[in-house]
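Remember, predicted model here, so these are calculated numbers, not experimental data. Chain identifiers are assigned alphabetically (A, B, ...) following the order of the sequence lines, protein sequences preceding nucleic acid strands; residue numbering begins at 1 within each chain.
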There are 2 protein chains.
Amino acid sequence: MSDDPLARFDFLTGSLGYSLRLTQVRMYNLFFEMIGDLGLTPARVTALSLIATGDDMNQAKLARSLDIAGPSALKIVDALEAAGLICRLDVQGDRRRYVLALTATGRAKLEQLRVRMAEYEDRIAAGLSPAEREQLIGLLNRTALPG
Amino acid sequence: MSDDPLARFDFLTGSLGYSLRLTQVRMYNLFFEMIGDLGLTPARVTALSLIATGDDMNQAKLARSLDIAGPSALKIVDALEAAGLICRLDVQGDRRRYVLALTATGRAKLEQLRVRMAEYEDRIAAGLSPAEREQLIGLLNRTALPG
DNA sequence: TATTGTTATACTCTATAACTATA
DNA sequence: TATAGTTATAGAGTATAACAATA
């Protein structure tokens with residue numbers, strides 16, 4: 001690249017990790033620009049989607065799905081419940097547990113989100129062809145794999 | 001995909017935003033697994049690299065480069081100084097400012113980091129060919145662009 | 001007036017540890 | 001003993017607002 005001896009300490013140029021981080025920050029900013037008015041964070045949208053589509057979702061399962069600790073999942077559940085989007089339902093035969101379910105407000109919010117998330121996805125992929133978008137997702141899914 | 005009417009609320013499958021977020025979390029975990037023993041966070045490595053390679057780096061410039069607020073940059077600078085990796089040098093002719101410079105300890109740490117960061121970059125791209133790695137960086141740099 | 005750096009403060013997200021109720 | 005959920009607490013990271021010193 002350069003004869004500059006300082007270039008040996010440039011960990012950023014051409015770094016996959018740095019590119020990924022910058023892209024994620026841009027994406028995060030665009031999320032709040034485009035969807036912030038709906039009052040949800042990316043993590044809460046993810047949780048809401050999991051509650052809507054998963055069956056028999058509870059807090060422990062949510063924590064495992066999101067790969068976060070129990071108390072962190074609790075905060076998300078509390079926030080979604082306080083916003084009136086979900087409710088805790090008692091479970092017959094196990095009084096420790098409850099099932100997370102959408103409220104009518106939650107379903108309406110998801111209808112809004114369905115449109116806005118699609119616009120958001122189109123926006124972040126605006127510079128890519130449909131083929132490139134699929135290619136990018138495929139490459140990402142093969143990056144930084146554990147094991 | 002599916003006839004399941006709930007699939008309309010699955011914002012995660014095939015989502016570029018979600019793939020990007022998951023990949024970044026995996027990457028973050030691998031960073032601490034592989035480099036965590038050096039006692040630096042990704043943000044501090046970035047800052048250290050900028051201080052090492054940028055000329056006449058100061059706190060305001062660092063804040064702009066990292067796209068964070070002044071007090072946030074201050075905390076990073078304080079942490080790097082407390083770790084003995086950088087020092088604040090007075091500037092002739094402007095007593096408001098100082099220049100951030102590496103200490104001998106900081107240079108030694110950067111030599112360690114140079115090797116470890118290379119290993120880390122290889123590790124996160126282990127599932128990709130060199131061509132795919134370049135392709136991924138190129139696609140990321142065209143994703144979620146502002147404007 | 002504008003800029004550099006600082007302090008004070010607060011909010012969010014995350015985590016661990018200890019607790020309760022129940023199984 | 002083990003599990004689901006909760007509470008308390010703490011730490012990291014971020015932000016805004018107000019300030020001092022200097023230009």
Side-chain angles (χ1 to χ4, degrees), chain A residues 21-22 24-29 31-33 35-36 39-48 50-51 54 56-83 86-101, chain B residues 21-22 24-29 31-33 35-36 38-48 51 54 56-83 86-101:
Chain A
R21 185 145 162 265
L22 286 183
Q24 222 251 341
V25 168
R26 292 197 300 268
M27 204 186 70
Y28 192 78
N29 291 337
F31 178 93
F32 284 103
E33 208 173 285
I35 309 189
L40 292 167
T41 63
R44 287 175 197 176
V45 171
T46 303
L48 204 55
L50 284 169
I51 293 167
D56 204 31
M57 184 57 71
N58 57 37
Q59 180 189 299
K61 210 161 152 185
L62 190 64
R64 284 192 297 271
S65 298
L66 294 172
D67 197 22
I68 58 178
S72 303
L74 178 74
K75 278 210 169 183
I76 293 175
V77 169
D78 281 349
L80 292 175
E81 192 181 44
I86 65 170
C87 54
R88 292 164 152 104
L89 299 179
D90 289 341
V91 171
Q92 295 274 4
D94 188 343
R95 295 203 315 209
R96 292 174 308 178
R97 299 178 51 216
Y98 50 70
V99 163
L100 301 173
Chain B
R21 185 145 160 263
L22 286 183
Q24 223 251 340
V25 169
R26 291 197 301 268
M27 205 185 69
Y28 192 78
N29 291 337
F31 178 93
F32 284 103
E33 207 174 286
I35 309 189
L38 295 185
L40 292 167
T41 63
R44 287 175 196 175
V45 171
T46 303
L48 204 56
I51 292 167
D56 204 30
M57 184 57 71
N58 59 36
Q59 180 189 300
K61 209 161 153 185
L62 190 64
R64 285 191 296 270
S65 298
L66 295 172
D67 197 23
I68 57 178
S72 302
L74 178 73
K75 277 205 170 185
I76 293 175
V77 169
D78 281 350
L80 292 175
E81 192 181 44
I86 65 170
C87 55
R88 293 163 152 103
L89 299 178
D90 290 340
V91 171
Q92 295 274 3
D94 187 346
R95 294 203 315 206
R96 291 175 309 179
R97 299 177 50 216
Y98 50 71
V99 163
L100 301 173

To the nearest angstrom, the CG-P distance between B:Leu80 and D:dA12 comes to 14 Å
Between CG of B:Asp90 and P of C:dT4 the distance, given in whole Å, is 16 Å
Rounded to whole Å, the CZ-C1' distance (B:Arg44 to D:dG11) equals 11 Å
* To do: With the side chain counted from C-beta on, respond yes when B:Ile76 and B:Leu66 share a heavy-atom pair under 4.5 Å apart, and no when they do not.
  => yes
Contacts of A:Arg95 and A:Ala43 projected onto DNA chain C by closest heavy atom; the upstream (5') one is A:Ala43
For B:Thr46 and A:Arg21, the nearest pair of non-hydrogen atoms, with its separation, is OG1-NH1, 3.3 Å
Taken to the nearest whole Å, NZ/B:Lys75 to P/C:dT6 is 14 Å
TODO: Report yes if at least one side-chain N or O of B:Ser72 is closer than 4.0 Å to OP1 or OP2 of D:dT14; otherwise report no.
DONE: no
CG of A:Leu100 to CG of A:Leu80, rounded to nearest 0.5 Å, is 9.0 Å
Can you tell me if B:Tyr98 touches the phosphate of C:dT6, counting only side-chain N or O atoms and a distance under 4.0 Å to OP1 or OP2? yes
Among D:dT22, D:dG13, D:dT14, the one nearest any side-chain atom of B:Arg96 is D:dT22
Smallest heavy-atom separation, B:Phe31 atom then B:Val45 atom, equals CZ-CG2, 3.9 Å
5'-most contact on DNA chain C (nearest-nucleotide basis), A:Ala69 vs B:Arg97, goes to B:Arg97
task = For salt bridge (Lys or Arg N to Asp or Glu O under 4.0 Å), just list the numbers for A:Asp67 and B:Arg26, CA-CA rounded to whole Å, side-chain angles, deciding distance to a tenth of an Å, and then say yes or no.
result = CA-CA 11 Å; A:Asp67 197 22; B:Arg26 291 197 301 268; over 6 Å; no
Here the distance between atom C1' of D:dA12 and atom CG of B:Asp78, to the nearest Å, is 15 Å
Taking only N and O in the side chain of A:Gln59, is any of them less than 4.0 Å away from OP1 or OP2 of D:dT3?
no
Between A:Arg88 and D:dT6, is there a side-chain N or O to OP1/OP2 distance below 4.0 Å? yes
Separation of D:dT14 atom C1' from A:Phe32 atom CZ, nearest Å, is 12 Å
Margin query: Any base atoms under 4.0 Å from B:Ala60, or only sugar-phosphate, or nothing? Heavy atoms, all strands.
Written below: sugar-phosphate
Separation of C:dT4 atom P from B:Met57 atom CE, nearest Å, is 13 Å
A:Leu74 atom CG is separated from C:dT12 atom P, nearest whole Å, by 16 Å
